[in-house]
Number of protein chains: 2
Amino acid sequence: MPDSCFAEQLTRHLRLTNAEQAALARLEENPRKVKRGAMIQRVNDPITELFVLRQGRVMSFVILPDGSRQILRVYFPGDFIGSASTIYTRAPESLVAVSDSVICPFDKHALRRLLEEHPRVAALLFLLSNAERVSMTDRLASLGRTSAKARVAAFLLDMFHRLRVTDDSIEDSFDLKLTQEEIGDSIGLTSVHVNRMIRQMEQEGLISRTNGRFRLLDMERLEDIGHYTNRHKDMDLDWLPVG
Amino acid sequence: MPDSCFAEQLTRHLRLTNAEQAALARLEENPRKVKRGAMIQRVNDPITELFVLRQGRVMSFVILPDGSRQILRVYFPGDFIGSASTIYTRAPESLVAVSDSVICPFDKHALRRLLEEHPRVAALLFLLSNAERVSMTDRLASLGRTSAKARVAAFLLDMFHRLRVTDDSIEDSFDLKLTQEEIGDSIGLTSVHVNRMIRQMEQEGLISRTNGRFRLLDMERLEDIGHYTNRHKDMDLDWLPVG
DNA sequence: AATAGTCGTTACGATGGCAAAACGCCTTGA
DNA sequence: TCAAGGCGTTTTGCCATCGTAACGACTATT
């Protein structure tokens with residue numbers, strides 16, 4: 001395992017000095033194992049710490065008064081969790097481990113000191129946050145303006161590409177580790193309808209499933225159906241020069 | 001008019017030194033008038049500049065292949081427009097003036113230099129971006145999991161509170177300057193259905209309209225219907241100390 | 001063996017989209 | 001002052017999409 005999952009993921013997109021890498025690695029000095037289903041943070045909890053995810057899956061969500069759940073984001077190894085917590089004193093969203101995971105909590109004030117000592121990291125986090133915002137707007141358009149089938153297609157493609165960023169072993173099949181209900185709660189559908197769409201897409205030869213692993217058979221058609229655009233190629237990697 | 005709309009809005013949330021305020025004011029040295037309906041940026045345009053909005057209304061949106069439009073965000077005076085542009089070389093979204101407006105374009109590299117000379121501003125922008133992300137997740141939950149009526153209620157409340165941040169003259173009635181079609185494209189509904197909901201809420205005494213101005217008559221019930229939570233009171237204003 | 005969790009499947013019904021037309025209101029121009 | 005046009009709103013009927021409820025099958029865990 002690398003010294004810093006977070007730095008490792010960052011360097012897929014942006015350039016870091018050795019000092020910055022070392023500083024980021026210090027955020028991951030206290031790994032903690034959490035079991036599938038364990039709550040890491042609840043809405044309205046006073047915020048004292050943020051996290052880096054090393055292994056497994058974590059997701060953020062909110063529960064509406066009528067009991068329905070909206071999953072906001074699924075986190076993968078190397079992801080920085082809880083950026084929302086930097087600007088609020090109480091958690092605006094809950095965090096739960098979707099599968100057995102290893103998270104690295106660090107103090108909110110430790111992050112502030114890091115930003116003071118390594119000002120360029122603040123700019124990097126600003127950029128990262130903007131990228132996350134764009135991916136959020138893509139989901140907004142998906143939820144607001146597309147059919148159930150398009151949402152499922154876009155969701156699978158998004159998960160596939162995000163998994164590949166940190167996991168080189170992924171070729172064309174991957175273990176999502178999400179139930180169909182969790183997929184539905186991510187894209188604003190019921191598990192019943194997610195199931196309908198998945199089976200339909202299987203019959204059409206778009207995807208296949210073998211013991212829980214998805215395989216995307218026809219990328220091109222999936223991207224078409226899901227109105228999916230991979231934004232990675234448009235990233236401005238050198239805007240913020242090194243050192 | 002203040003030297004810097006942007007700095008003025010920022011200081012509603014966060015503390016700025018005089019030097020930082022002056023640096024931000026320099027972003028607004030080139031005001032430009034744009035007419036209602038004028039395109040400021042198109043999807044996939046190479047990005048060279050970002051904007052601060054001084055007067056009027058600007059919105060960002062995307063058009064899906066089937067021609068439908070998702071409005072991503074409505075910007076008000078004092079808003080920083082185009083944070084998405086910092087990390088991409090091509091615009092991921094279009095920008096259009098919703099009403100006659102004054103925008104202040106500035107070079108993308110001028111922003112980079114500003115971040116280098118005033119490292120704390122990078123951290124402030126990081127925080128601001130995180131706040132925007134949270135407001136985006138609120139909309140995600142609204143689109144994914146709530147009824148048409150709830151979305152309209154939440155949208156009106158959101159616009160009302162955001163307008164009040166920079167416009168002290170607003171008491172309880174306000175001029176949204178958006179058509180019902182634009183409201184629909186913001187919250188994933190057709191203009192027909194937006195109209196249905198607005199008239200229904202009028203009849204129920206929740207809101208009223210007089211020559212284009214909305215008046216929110218029953219805040220409490222609106223917040224209830226829209227599952228609206230005002231997050232402003234939970235902001236962590238002092239996490240990043242001054243200077 | 002028992003229990004719990006996930007997936008598969010069906011029938012039924014509500015929510016909200018679509019198409020089309022009329023209405024009101026403002027602007028422009030004679 | 002009136003007419004013409006454009007734009008946004010209002011209204012209607014029809015119907016597709018997607019949600020709800022309910023149950024059975026399958027698997028893993030205890």
Side-chain angles (χ1 to χ4, degrees), chain A residues 35-38 57 64 66-71 96-100 142-156 175-203 207-214 225, chain B residues 35-37 57 59 64 66-71 96-100 142-156 175-203 207-214 225:
Chain A
K35 283 265 172 225
R36 165 191 166 78
R57 305 266 189 283
L64 297 186
D66 68 349
S68 64
R69 173 178 68 172
Q70 175 66 48
I71 294 176
V96 69
V98 182
S99 64
D100 292 355
S142 189
L143 281 191
R145 303 267 86 156
T146 79
S147 68
K149 195 170 169 187
R151 294 188 218 175
V152 173
F155 183 77
L156 290 178
D175 189 355
L176 198 47
K177 292 181 175 159
L178 295 177
T179 66
Q180 294 182 358
E181 189 179 6
E182 284 162 345
I183 296 176
D185 285 352
S186 296
I187 58 181
L189 296 172
T190 58
S191 63
V192 174
H193 210 61
V194 169
N195 186 264
R196 276 200 270 258
M197 295 302 109
I198 287 180
R199 275 179 298 120
Q200 188 185 320
M201 290 163 78
E202 254 179 338
Q203 287 186 344
I207 61 175
S208 74
R209 283 173 300 162
T210 40
N211 50 47
R213 296 180 72 85
F214 280 96
I225 291 170
Chain B
K35 284 264 171 228
R36 165 191 165 79
R57 306 265 190 282
M59 67 186 190
L64 297 186
D66 68 351
S68 64
R69 173 178 67 172
Q70 175 67 48
I71 294 177
V96 70
V98 181
S99 64
D100 291 355
S142 189
L143 281 192
R145 301 269 88 156
T146 79
S147 68
K149 194 170 170 187
R151 291 188 219 176
V152 173
F155 183 76
L156 290 178
D175 189 355
L176 197 48
K177 292 182 175 158
L178 295 178
T179 67
Q180 294 181 1
E181 189 179 8
E182 284 162 346
I183 296 176
D185 284 353
S186 296
I187 58 182
L189 296 172
T190 59
S191 64
V192 174
H193 210 59
V194 169
N195 186 264
R196 278 200 270 258
M197 295 300 110
I198 286 180
R199 276 178 298 119
Q200 187 186 321
M201 290 163 79
E202 253 180 339
Q203 286 185 344
I207 61 175
S208 74
R209 281 173 301 161
T210 40
N211 48 47
R213 296 180 71 85
F214 280 96
I225 291 169

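Each chain gets a letter, A, B and so on, in the order the sequences are listed, and its residues count up from 1. If you're wondering where the values come from, they're calculated on a predicted model, not measured in any experiment.
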What closest approach, in Å, do [X] and [Y] show between heavy atoms, and which atom pair accounts for it?
X: A/Gln180; Y: A/Asn195; answer: OE1-ND2, 2.8 Å
X: A/Asp175; Y: A/Arg57; answer: O-NH2, 2.9 Å
X: B/Ser191; Y: B/Glu181; answer: CB-CA, 3.6 Å

To the nearest Å, how far apart are [X] [atom1] and [N] [atom2]?
X: A/Arg145; N: D/dC18; atom1: CZ; atom2: P; answer: 13 Å
X: B/Leu176; N: D/dG8; atom1: CG; atom2: C1'; answer: 14 Å
X: A/Leu189; N: C/dT15; atom1: CG; atom2: P; answer: 18 Å
X: A/Arg151; N: D/dC18; atom1: CZ; atom2: P; answer: 7 Å
X: A/Gln200; N: D/dT17; atom1: CD; atom2: P; answer: 10 Å
X: B/Ile183; N: D/dT10; atom1: CD1; atom2: C1'; answer: 15 Å
X: A/His193; N: D/dA16; atom1: NE2; atom2: P; answer: 14 Å

Worksheet item: Nucleotide by nucleotide, 5' to 3', does protein get under 4.0 Å of the base (B), only the sugar-phosphate (S), or neither (-) in nucleotides 24-30 of chain D, counting heavy atoms?
Response: -------

Worksheet, complete the sentence: Per-nucleotide protein contact along nucleotides 5-11 of chain C, 5' to 3', at a 4.0 Å heavy-atom cut-off (B base, S sugar-phosphate only, - neither), is -SSSBBB

Any chance you could measure [X], atom [atom1], to [Y], atom [atom2], to the nearest 0.5 Å?
X: B/Ile71; Y: B/Leu178; atom1: CD1; atom2: CG; answer: 7.0 Å
X: B/Ile225; Y: B/Thr146; atom1: CD1; atom2: OG1; answer: 11.5 Å
X: A/Ile187; Y: A/His193; atom1: CD1; atom2: NE2; answer: 9.5 Å
X: B/Leu189; Y: A/Arg145; atom1: CG; atom2: CZ; answer: 7.0 Å

Worksheet entry | Evaluation steps, side chain to side chain contact (heavy atoms under 4.5 Å, CB included), between A/Phe155 and A/Val194 | CA-CA 11 Å; A/Phe155 183 77; A/Val194 169; over 6 Å; no

Worksheet item: With sugar-phosphate meaning primed atoms plus P, OP1 and OP2, does A/Gly37 contact a base, only sugar-phosphate, or nothing at under 4.0 Å between heavy atoms?
Response: nothing

Item to complete: Classify the nucleic acid contact of A/Gly184 as base, sugar-phosphate or nothing, counting any heavy atom under 4.0 Å across all strands shown.
Response: nothing

Worksheet item: What's the verdict on side chain to side chain contact (heavy atoms under 4.5 Å, CB included) for A/Arg199 and A/Arg209, showing C-alpha distance, side-chain angles and the deciding distance?
Response: CA-CA 10 Å; A/Arg199 275 179 298 120; A/Arg209 283 173 300 162; 4.2 Å; yes

